[in-house]
Amino acid sequence: MHLSFVPPRRVKIGDAAAFAGTTPRAIRHYHAIGLLPEPERGGDGRRRYGHQDMIRLLWIRRMAGAGIALDDIRDALTADTGSVGDDREHGDNGGGDVDGGDGIALTLERLENSLAAQEAVLRRQRTAVQRMRAEGSRMGLLSDVVTDRFKSLPEGSLRQGELDTLLVTERIFGPLGAAVQATRFIALATRPALREESDRVDAAEEALDDTVAVDDPRVARVAAERHAFEGALDAFIEESGLAGDDDALFEAWDARDSATTDQEEDEEEDEDDDGDGDRGSGGRRARTMSAFEAVGRMPYDFSPARLRCMELAEQLAAQDAPTA
């Protein structure tokens with residue numbers, strides 16, 4: 001993130017819709033049927049959407065794109081507020097559990113039977129549902145090039161917050177960007193000491209709330225801790241061979257992208273209005289926006305002190321970077 005541009009802490013409905021790949025009218029409909037809780041309103045009486053509102057909205061769009069009825073999505077999201085992995089211990093429930101227990105499993109089964117009868121037209125939707133059932137979690141809604149990175153990890157190795165991050169990254173930078181980012185989460189899942197240190201630094205950053213001044217000594221201290229951690233993480237990625245996996249990923253992506261371009265163009269012509277270009281578990285790519293546009297439309301509730309901490313950490317990284 002270029003910290004010269006500060007992301008908003010909350011956004012209006014138009015920006016929320018643009019980022020999620022839908023329309024303000026659709027979002028109002030989600031509110032009306034109880035699928036998306038009404039957010040806080042600003043002094044002008046208009047809705048203001050925060051980070052968790054956007055996370056829930058993105059999951060709704062992915063599930064709708066997979067062919068699941070809005071009523072079934074609502075029931076699934078409200079049936080179980082559990083989380084993935086250790087997220088309850090870290091205060092992140094990601095806005096409700098997408099799996100939703102037996103109810104959503106039966107819904108997926110009925111939907112798969114329906115799609116089987118319309119195979120030629122609904123091939124992508126059927127593949128998406130099959131992957132959701134196979135993965136057994138929200139991971140099935142991400143592109144296969146992303147989820148394939150985690151095949152060797154034990155079940156439950158990833159946290160819900162990490163899946164949320166991958167979802168946002170894939171929306172902005174596409175499947176390849178999220179697949180590369182997955183390297184970080186693989187390293188954390190396979191090195192407990194790094195996971196522990198990551199949790200500690202994350203907690204220290206979160207403690208830099210609005211009550212902390214930007215020139216508070218804690219800001220610089222936490223920035224140094226973040227810099228040191230990122231260095232240790234990068235070193236482990238290099239030593240473990242994960243960096244080499246990234247190189248192979250780029251090569252495989254180039255070959256795959258070339259082979260599938262014509263097929264994707266044909267499928268794009270068949271998309272209906274409900275698709276809105278969202279492409280996840282079927283392996284297709286969402287319509288893209290610039291990173292600058294995305295930062296302006298995806299809210300993050302960062303205090304001035306935390307933004308300053310991020311800026312200082314970037315400066316430390318720049319100082320360590322080799323000169324040409």
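In what follows, every heavy atom counts, from backbone to side chain, and hydrogens, waters and symmetry copies are set aside.
Of all heavy-atom pairs spanning R62 and L141, the tightest one is NH1-O, 2.8 Å. The shortest heavy-atom contact between A20 and L58 is CA-CD2, 3.9 Å. Of all heavy-atom pairs spanning A64 and I73, the tightest one is N-CD1, 3.5 Å. Nearest heavy atoms, E225 versus A204: OE1-CB, 4.2 Å. Taking each heavy atom of A182 and F150 in turn, the nearest pair found is CB-CZ, 3.3 Å. Nearest approach of P24 to I13, heavy atoms of both residues: O-CD1, 3.7 Å.
The closest side-chain heavy-atom distance from V145 to L176 is not below 4.5 Å. At least one side-chain heavy atom of F185 sits under 4.5 Å from a side-chain heavy atom of T165. Counting only heavy atoms from C-beta outward, the side chains of D53 and P37 never approach each other to under 4.5 Å. Proximity of P175 to L142: side-chain heavy atoms (C-beta onward) are nowhere separated by under 4.5 Å. Side-chain contact between R171 and M298 is absent, with no heavy atoms from C-beta onward closer than 4.5 Å.
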Please lay out, stage by stage, how Y300 and V168 fare under the test side chain to side chain contact (heavy atoms under 4.5 Å, CB included). CA-CA 12 Å; Y300 286 88; V168 174; 3.5 Å; yes
Run the salt bridge (charged side-chain N to carboxylate O under 4.0 Å, His left out) check on E239 and R191 step by step: do they pass? CA-CA 12 Å; E239 294 168 2; R191 189 68 174 264; 5.4 Å; no
Stepwise side chain to side chain contact (heavy atoms under 4.5 Å, CB included) test for T183 and R149: CA-CA 8 Å; T183 299; R149 300 290 319 272; 3.2 Å; yes
Could you go through M63 and D72, starting from their C-alpha distance and side-chain angles, then the distance that decides it, and tell me whether this counts as side chain to side chain contact (heavy atoms under 4.5 Å, CB included)? CA-CA 10 Å; M63 297 182 79; D72 292 327; over 6 Å; no
Please evaluate residues L57 and Y30 with respect to the criterion side chain to side chain contact (heavy atoms under 4.5 Å, CB included), reporting the C-alpha separation (whole Å), side-chain torsions for both, the decisive distance (0.1 Å), and the verdict. CA-CA 9 Å; L57 180 58; Y30 297 161; 3.7 Å; yes
Could you go through the salt bridge (charged side-chain N to carboxylate O under 4.0 Å, His left out) check for R74 and D71 one step at a time? CA-CA 5 Å; R74 179 189 59 213; D71 288 344; 3.4 Å; yes
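Between I172 atom CD1 and R297 atom CZ the span is 11.5 Å, to the nearest 0.5 Å. To the nearest 0.5 angstrom, R184 atom CZ is 9.5 Å from L194 atom CG. Between L35 atom CG and I27 atom CD1 the span is 11.0 Å, to the nearest 0.5 Å. Taken to the nearest 0.5 Å, the CZ atom of R9 stands 13.0 Å off from the NE2 atom of H51. Interatomic distance, I186 CD1 to L158 CG, rounded to the nearest 0.5 Å: 8.0 Å. In this structure, L242 CG and L233 CG are separated by 9.5 Å, a value rounded to the nearest 0.5 Å.
Contacts of T169 classified as side-chain hydrogen bond (donor to acceptor under 3.5 Å, both in side chains), with partners at least two apart in sequence or in another chain: Q181. By the side chain to side chain contact (heavy atoms under 4.5 Å, CB included) test, D202 pairs with S198, E205, R226, sequence neighbours left out. For R195, the salt bridge (charged side-chain N to carboxylate O under 4.0 Å, His left out) partners are E162, not counting sequence neighbours. Not a single ring pair (Phe, Tyr, Trp, His ring centres under 6.0 Å) links H29 to another residue, sequence neighbours left out. Under the side chain to side chain contact (heavy atoms under 4.5 Å, CB included) criterion, E196 pairs with no residue at all, not counting sequence neighbours. For T211, the side-chain hydrogen bond (donor to acceptor under 3.5 Å, both in side chains) criterion is met by D209, not counting sequence neighbours. Among residues two or more places apart in sequence or in another chain, the side chain to side chain contact (heavy atoms under 4.5 Å, CB included) test is passed with A305 by L208, V212, V219, S303. Residues that satisfy the side-chain hydrogen bond (donor to acceptor under 3.5 Å, both in side chains) test with D216, not counting sequence neighbours, are R218. Contacts of E197 classified as side-chain hydrogen bond (donor to acceptor under 3.5 Å, both in side chains), with partners at least two apart in sequence or in another chain: R200. Annotation: side chain to side chain contact (heavy atoms under 4.5 Å, CB included) contacts of A243 (sequence neighbours excluded): I237, E238. With sequence neighbours excluded, no residue forms a ring pair (Phe, Tyr, Trp, His ring centres under 6.0 Å) with H227.
Side-chain N or O atoms of D15 include none that pairs as donor or acceptor with a backbone N or O of K12 at under 3.5 Å.
Linking Ile, Leu, Val, Met, Phe, Trp and Tyr whenever their side-chain heavy atoms come within less than 4.5 Å leaves L316 and V214 in two separate clusters.
Among residue pairs with one or both ends in residues 41-51, those qualifying as salt bridge (Lys or Arg N to Asp or Glu O under 4.0 Å) are E38-R41, E38-R47, D44-R48; sequence neighbours excluded.
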